[in-house]
Asker: 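One structure follows; several queries about it will come next.
Protein chains get the first letters and strands the later ones, always in sequence-line order, with residue 1 at the start of each.
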Number of protein chains: 2
Amino acid sequence: MKDITPKLINLFKSGFCTPQIARLAIKLKEPSTTLHYNIKKLEREGKIKTYKAVFDYKKIDEGHCSYILANLTKENYGNPEEISKRIAKDDKVESVDIVTGDYELLIKLRTKDVDEYYIWAKEAIKKYGISKMFSLTSLKQVKSEFVEMG
Amino acid sequence: MKDITPKLINLFKSGFCTPQIARLAIKLKEPSTTLHYNIKKLEREGKIKTYKAVFDYKKIDEGHCSYILANLTKENYGNPEEISKRIAKDDKVESVDIVTGDYELLIKLRTKDVDEYYIWAKEAIKKYGISKMFSLTSLKQVKSEFVEMG
DNA sequence: TAATGTAATTGAATAATATTCAACTATTTA
DNA sequence: TAAATAGTTGAATATTATTCAATTACATTA
């Protein structure tokens with residue numbers, strides 16, 4: 001049997017979805033052509049970047065969620081953008097922000113468990129030139145990606 | 001003219017989208033019926049929670065993004081869950097986590113600008129019984145909701 | 001290990017939905 | 001206020017999802 005779900009999950013994390021115009025038409029009591037016009041306009045203007053799926057991460061073996069504050073080594077301190085773009089490529093990374101305060105980066109990471117988190121963190125220090133890390137572990141994800149988690 | 005885009009944006013933040021099976025079929029070189037079957041299975045199992053849109057937040061007047069670490073007053077310290085569920089109801093709140101460390105909650109907030117952030121923060125202290133707040137402002141959102149921001 | 005049941009794959013038919021188009025209306029601009 | 005532009009909408013068409021039934025793969029157990 002071919003297990004296509006991992007591929008599916010990865011593609012759905014950032015795309016391969018589309019608006020449900022008919023459902024919106026009912027909800028908003030507007031003709032579907034009007035909604036179609038307005039949605040395409042939002043897309044054209046670049047206001048909508050993509051359509052994607054949101055998962056119950058525990059159920060897809062990404063139950064461990066952590067927020068990592070990171071300092072860059074002095075070689076990289078000057079251009080956090082390049083480093084953060086590289087970090088952003090990682091499928092396990094939900095978000096990367098360059099932030100104010102004592103740390104330069106804030107990374108939201110989703111892993112299977114603490115072990116996988118630890119492996120990732122060790123690797124990251126080497127790969128991305130991180131000089132110091134401060135991690136917050138999520139004990140409960142009440143809302144994520146604008147979606148309330150049951 | 002009726003401006004339905006704000007309603008549209010709100011609905012798209014957490015739903016009213018659907019998978020693009022035909023595109024996936026081409027991408028994965030599998031029959032669309034196979035993908036249909038597998039996707040419905042993921043939905044049935046609750047692994048997929050919803051399908052939604054991701055925005056260029058600057059372009060929809062939600063350009064100011066901040067991470068707020070919060071302590072609850074001692075009356076609320078015992079049940080962070082109830083408070084966090086209430087906070088989660090707020091449309092401006094992208095995520096809420098109960099976290100380890102010196103603070104109980106980590107809130108990701110999207111507002112138009114600093115002014116709106118300040119108003120929200122003041123209100124939140126009153127409404128949710130927050131005794132102390134520590135905020136990190138995002139200077140650049142490199143990735144968000146698993147989507148790389150150009 | 002053969003037999004039986006269950007889960008997954010798939011092509012063809014159908015149903016549902018998005019998209020296009022053209023006519024019209026509202027809004028903005030000169 | 002005329003002309004141009006942007007937004008709305010119903011009807012026609014094109015796409016796409018969904019259902020169905022047949023088939024195959026896999027797991028269970030006797």
Asker: Please state whether the phosphate of dT8(D), meaning OP1 or OP2, lies under 4.0 angstrom from any side-chain nitrogen or oxygen of Tyr37(A).
Answerer: no

Asker: Pick the closest DNA chain D nucleotide for Glu30(A) and for Thr33(B) by heavy atoms, then say which residue is nearer the 5' end.
Answerer: Glu30(A)

Asker: Indicate, with yes or no, if Val96(A) and Ile130(A) share a hydrophobic cluster defined by side-chain heavy-atom contacts under 4.5 Å among Ile, Leu, Val, Met, Phe, Trp and Tyr.
Answerer: yes

Asker: Atom NZ of Lys29(B) to atom P of dT10(C): distance rounded to whole Å?
Answerer: 15 Å

Asker: Tell me whether the side-chain N/O atoms of Lys40(A) come closer than 4.0 Å to OP1 or OP2 in dT19(C).
Answerer: yes

Asker: Within the pair His36(A) and dA18(C), is there a side-chain N or O less than 4.0 Å away from OP1 or OP2?
Answerer: no

Asker: To the nearest angstrom, how far is Leu35(B) atom CG from dT9(C) atom C1'?
Answerer: 11 Å

Asker: For Asn38(A) and dA6(D), is the shortest distance between a side-chain N/O and OP1 or OP2 below 4.0 Å?
Answerer: no

Asker: In this structure, how many angstroms lie between the C1' atom of dA14(D) and the CD1 atom of Ile21(A), rounded?
Answerer: 14 Å

Asker: Are Tyr51(B) and Phe12(A) near enough that their ring centres are under 6.0 Å apart?
Answerer: yes

Asker: Grab the CD-C1' distance between Glu45(A) and dA6(D) for me, whole Å please.
Answerer: 12 Å

Asker: Considering the options Lys92(A), Arg110(A), Lys13(A), Lys112(A), which one meets the salt bridge (Lys or Arg N to Asp or Glu O under 4.0 Å) requirement together with Glu62(A)?
Answerer: Lys13(A)

Asker: Kindly say if Thr34(A) contacts the phosphate of dT9(D), meaning a side-chain N or O under 4.0 Å from OP1 or OP2.
Answerer: yes

Asker: Provide, to the nearest angstrom, the distance between the CG atom belonging to Leu24(B) and the P atom belonging to dT16(D).
Answerer: 12 Å

Asker: Of the candidate nucleotides dA17(D), dA18(C), dT18(D), which contains the atom at the shortest distance from the side chain of Ala22(A)?
Answerer: dA18(C)

Asker: For Glu145(B), give me all partners under salt bridge (Lys or Arg N to Asp or Glu O under 4.0 Å), at least two apart in sequence or on another chain.
Answerer: Lys52(B)

Asker: Return the value, rounded to whole Å, for the distance between atom CD of Gln20(A) and atom P of dA17(D).
Answerer: 11 Å

Asker: Specify the separation, in whole Å, of atom CG of Leu8(A) and atom P of dT9(C).
Answerer: 11 Å

Asker: Enumerate the side chain to side chain donor-acceptor pair (under 3.5 Å) contacts for residues 25-42 of chain A, please, sequence neighbours excluded, ordered by first and then second residue.
Answerer: Glu30(A)-Lys2(B), Lys40(A)-Glu43(A), Lys41(A)-Glu45(A)

Asker: If you assign each of Arg44(A) and Thr18(A) to its closest nucleotide in DNA chain D, which residue comes earlier from the 5' end?
Answerer: Arg44(A)

Asker: CG of Asp3(A) versus C1' of dA7(C): gap in Å, rounded?
Answerer: 13 Å

